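A quick write-up on the structure given underneath.
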Amino acid sequence: MIAIAANTAVFIPVAAIGALGAAADAPIGLVTGAGAAAGACGGVVFNHAVATCGVLNVSGTVVCLGGATIGAALALLAYEARE
């Protein structure tokens, strides 16, 4: 439950980055970069929450790369949804 809450608390704002970037007509590279950074941070938060619950702790590099990929994709999807 804690892991799901941590995941939701981070990745919903990542999608908001894309929507706000689109509304501001920001360059797509800036929006996806911000989404990737927020996603990497979100991945670390999620991993910490899962490890706290006693579940296997994953490598920090894997978590950051996975979070960055998801963050960039979510921001891009939200950005492209404006059209």
Side-chain angles (χ1 to χ4, degrees):
M1 185 63 86
I2 293 171
I4 293 169
N7 200 22
T8 303
V10 173
F11 286 112
I12 287 179
V14 169
I17 288 171
L20 292 172
D25 208 23
I28 196 165
L30 179 63
V31 171
T32 54
C41 292
V44 171
V45 169
F46 176 75
N47 190 44
H48 181 69
V50 171
T52 302
C53 295
V55 180
L56 179 64
N57 193 6
V58 181
S59 161
T61 303
V62 170
V63 169
C64 284
L65 289 175
T69 302
I70 292 168
L74 283 175
L76 178 62
L77 286 172
Y79 187 92
E80 291 297 328
R82 76 175 174 158
E83 295 178 10

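Residues take their numbers from the sequence shown, with the count starting at 1. Bear in mind that the values here come from a model prediction, so they are computed numbers and not experimental data. Every heavy atom of this structure was used, including side-chain atoms; hydrogens, water molecules and symmetry mates were not.
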inquiry  = Can you confirm whether Tyr79 sits close enough to Thr32 that some side-chain heavy atom of one is under 4.5 Å from a side-chain heavy atom of the other?
reply    =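 They are not in contact (no side-chain heavy atoms under 4.5 Å apart), so the answer is no.
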message = So which atom in Ala75 and which in Gly35 form the shortest heavy-atom distance, rounded to 0.1 Å?
response =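 Heavy atoms of Ala75 and Gly35 come nearest at CB-CA, 3.9 Å.
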query = How close do Val31 and Ala26 get, heavy atom to heavy atom, and via which atoms?
reply =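 Val31 and Ala26 have their closest heavy atoms at CG2-CB, 3.9 Å.
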request  = Using the rule that two of Ile, Leu, Val, Met, Phe, Trp, Tyr join whenever any of their side-chain heavy atoms come within less than 4.5 Å, decide whether Leu20 and Ile17 are in one cluster.
outcome  =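 Leu20 and Ile17: separate clusters.
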